[in-house]
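Whatever order the structure lists them in is the order used to number ligands and atoms, beginning at 1. Numbers for residues simply follow the sequence, beginning at 1. Keep in mind the model is a prediction, meaning the values are calculated, not measured.
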Amino acid sequence: MEHKSWTTWMRIACIPLALLTTTVADFTTECQRPCDCRWQSGNKAAICSNSSLKVVPANLSNDIQILDLSNNNLQQLHQEAFKKVGLSNLKKLFLKECNIEVVHKTAFVTLAIMIELDLSKNRIRSLHPDTFKGTEKLRLINLSNNFIDKLEDGIFRNLKFLQKVEASNNRIHRIGTKAFVNLPQLKILRFNGNNLSHMKPETLMGLRNLSGLDLHNNPWRCDCNLQTFRDWVISHNLYTPPTSCAVPPSVQDKLWNELDSSNFACRPTILEPVPDATVKSYDENVTLTCKVVGNPPPEVGWRFNGKTIEMKAFGEIRYTVAENTMDLIRWVNLTIIYARYSDRGNYTCVAENPGGRDEKTLTLVLSRYGGVGTIAGMDTDSFAILVGCLTAIVIIFGAALVVCYFTTQNNEIKRLIKNDARSSNGDVLIEGSEASETEKAMKMEVNPVSKPPRKYEAPQSFTSEATEMSELNRTLLDNESVLGE
Ligand SMILES: *[C@@H]1O[C@H](CO)[C@@H](O)[C@H](O)[C@H]1NC(C)=O
Ligand SMILES: *[C@@H]1O[C@H](CO)[C@@H](O)[C@H](O)[C@H]1NC(C)=O
Ligand SMILES: *[C@@H]1O[C@H](CO)[C@@H](O)[C@H](O)[C@H]1NC(C)=O
Ligand SMILES: *[C@@H]1O[C@H](CO)[C@@H](O)[C@H](O)[C@H]1NC(C)=O
Ligand SMILES: *[C@@H]1O[C@H](CO)[C@@H](O)[C@H](O)[C@H]1NC(C)=O
Ligand SMILES: *[C@@H]1O[C@H](CO)[C@@H](O)[C@H](O)[C@H]1NC(C)=O
Ligand SMILES: *[C@@H]1O[C@H](CO)[C@@H](O)[C@H](O)[C@H]1NC(C)=O
Ligand SMILES: *[C@@H]1O[C@H](CO)[C@@H](O)[C@H](O)[C@H]1NC(C)=O
């Protein structure tokens, strides 16, 4: 009796012990090859790495918290891949180097307490935006060394505990502006070794706890579209070397932090005039318009037949310029005041900013002149030369007269001139000719009547005459009606 009751007591006492032993046995004994199940830093771990597993092993205990499947040949993570094998308590899942190409959007469903996921060194090309829908406790996602080409909007949504995303060495060329929203804990982001050339500022600017950002080894296009993002990176001390520019050529291989913000510029583009434009005008004042986009707003100027335009010519305002800038569009309108024949020709609008330069040329045709006239198509330079030539001809003609006067042996003429000079200030010389006022004036100068000229005095008076004459001629020639028509 006594013995019997002792045995009973022993049995009763042994029940919890047996139960405990059974539980322990579940976690380790259910573990089948090639997995090795053991405690790892307080968690039940199944180490199944370096095998040739093609599927997630079944029959692992539901209690497993750490599953290491690294270096297997899974190729695909099917629909509900972990739910199907009864794993729902995983905290850490290692799927590194598993030749995974496809991850089904529901593969991780039921892994509601998973905090770490390593998918690195696989062949994943894309991830569905719902991939992490059920894994709200994730703190670390490692996607590095895959072939992912874009991160879709919403892919990391609701991951309130997410601290770190590694996506280094993929082919990412686009990140949705809503891929990284509402992630209050996100601290580290790695995008080095991707195909990023641009980044909308709003993509990451909402991440207030971000303290580490790797962006190097990407083909960044350092233009005005990247400027705000670059400035944000620098001002938040998130720059890590050697983040550099790939294009445009002017900043190629330059580091972001060594360039000035203004170097992140967009080359100006002239929208008007269009290439090979011809402007025909009947107007007295002709306005030529230049419309440019560029960021920052470019310096814009006009050139005429390849030369910088002088606003004034011979003290007269010849051109005015009206300009304004709105929403990165800049107008610079050149008005030619009282357009004259010599204003025909090629006008070039030139725009330049730190991003580069553009120019467009238009041909101005002044219909008023209809293509006839003695100096058709003449530019300002030729015009100046013509003025000079005519002046010179008049001077030479004058000089010849002087010489004639002193060298002529014909006393008859000499006397006649002298007599005439006394009575009518030498008008006889030009009598019957069609000489202009200028010539008259000149001849009066050449033939001073009050004092008989001496031969060697001629050069002196010649010089002063020349100066006065060119003044006169200039005034005269500047008058369009004399020569233009
Ligand atoms: C698996 O192989 C890697 C090298 O390929 C090695 O570093 C690692 O320790 C191995 N793991 C196991 C559990 O044998
Ligand atoms: C897993 O357990 C089931 C029974 O629960 C058994 O039929 C199956 O063969 C086991 N699978 C493996 C791979 O051991
Ligand atoms: C992510 O994976 C890469 C490649 O396997 C590895 O070098 C890196 O250390 C991993 N990052 C983290 C935070 O585990
Ligand atoms: C940043 O992280 C800390 C804890 O790491 C948290 O207390 C804080 O709320 C976070 N900041 C923001 C803006 O969410
Ligand atoms: C990088 O992205 C561009 C598009 O932005 C694409 O044309 C190119 O093929 C990509 N390069 C690689 C290596 O993926
Ligand atoms: C041309 O411009 C001049 C100077 O600005 C002005 O006085 C004149 O009225 C203009 N002519 C016409 C037809 O607008
Ligand atoms: C320049 O000319 C264009 C076309 O006529 C006009 O739309 C624009 O307002 C002008 N801009 C200025 C500053 O005059
Ligand atoms: C203006 O441009 C046209 C063609 O672009 C050229 O044939 C012509 O010689 C130019 N005229 C002047 C005066 O430069």
What do you reckon, does E323 have a nitrogen or oxygen under 3.5 Å from a nitrogen or oxygen of ligand 7?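 Among all N and O atoms of E323, none is under 3.5 Å from an N or O of ligand 7.
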Do the numbers put R171 on top of the ring of F147, so that NZ or CZ is under 6.0 Å from the six-membered ring centre and no more than 45° off the axis? yes
Quick one: look up the protein heavy atom nearest [atom] and list residue, atom name and how far away it is.
atom: atom 5 (O) of ligand 3; result: S120 OG, 2.9 Å
atom: atom 3 (C) of ligand 5; result: N195 ND2, 3.5 Å
atom: atom 7 (O) of ligand 7; result: W331 CZ2, 3.8 Å
atom: atom 11 (N) of ligand 7; result: N333 ND2, 3.0 Å

Quick test of your reading of the model: are [X] and [Y] salt-bridged, counting only N-O distances below 4.0 Å?
X: D153; Y: K178; result: no
X: K96; Y: E166; result: no
X: R157; Y: D130; result: yes
X: K160; Y: E136; result: no

Per-atom contacts of ligand 3 with [X], taking only distances under 4.0 Å to non-hydrogen atoms:
X: K164; result: 13 (C)
X: K96; result: 5 (O)
X: S144; result: 1 (C), 2 (O), 3 (C), 4 (C)
X: K121; result: 4 (C), 5 (O)

Should the heavy atoms of other residues, nucleotides or ligands under 6.0 Å from CG of N324 be counted, would the total exceed 12?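 Above 12, so yes.
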Would the number of heavy atoms belonging to other residues, nucleotides or ligands and lying under 6.0 Å from CD of E299 be above 12?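 For E299, atom CD is not crowded (no more than 12 foreign heavy atoms under 6.0 Å).
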Those atoms of ligand 7 less than 4.0 Å from some heavy atom in [X]:
X: A322; result: 13 (C), 14 (O)
X: N324; result: 13 (C)
X: T289; result: 1 (C), 2 (O), 3 (C), 4 (C), 5 (O)

Among D118, V165, N142, which residue places a heavy atom closest to atom 8 (C) of ligand 3?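 Closest candidate by heavy-atom distance is N142.
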Look at atom 14 (O) of ligand 3 and say whether a protein heavy atom is found at less than 4.0 angstrom from it.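 So atom 14 (O) of ligand 3 has protein heavy-atom neighbours under 4.0 Å.
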Min heavy-atom dist E97 to ligand 3 below 4.0 Å: no
Heavy-atom side-chain contact between C266 and D223 under 4.5 Å: yes
With a 4.5 Å heavy-atom cut-off, do I337 and I317 have their side chains touching? yes
Value for CZ (R303) from CG (L334), rounded to nearest 0.5 Å, stands at 13.5 Å
Look at the rings of W256 and W220 and say which category their plane angle falls in: under 30° parallel, 30 to 60° tilted, over 60° perpendicular. perpendicular
Using a 3.5 Å cut-off on N or O atoms only, is N145 in polar contact with ligand 3?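 Among all N and O atoms of N145, none is under 3.5 Å from an N or O of ligand 3.
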Are any of the N or O atoms of E166 closer than 3.5 Å to those of ligand 3? yes
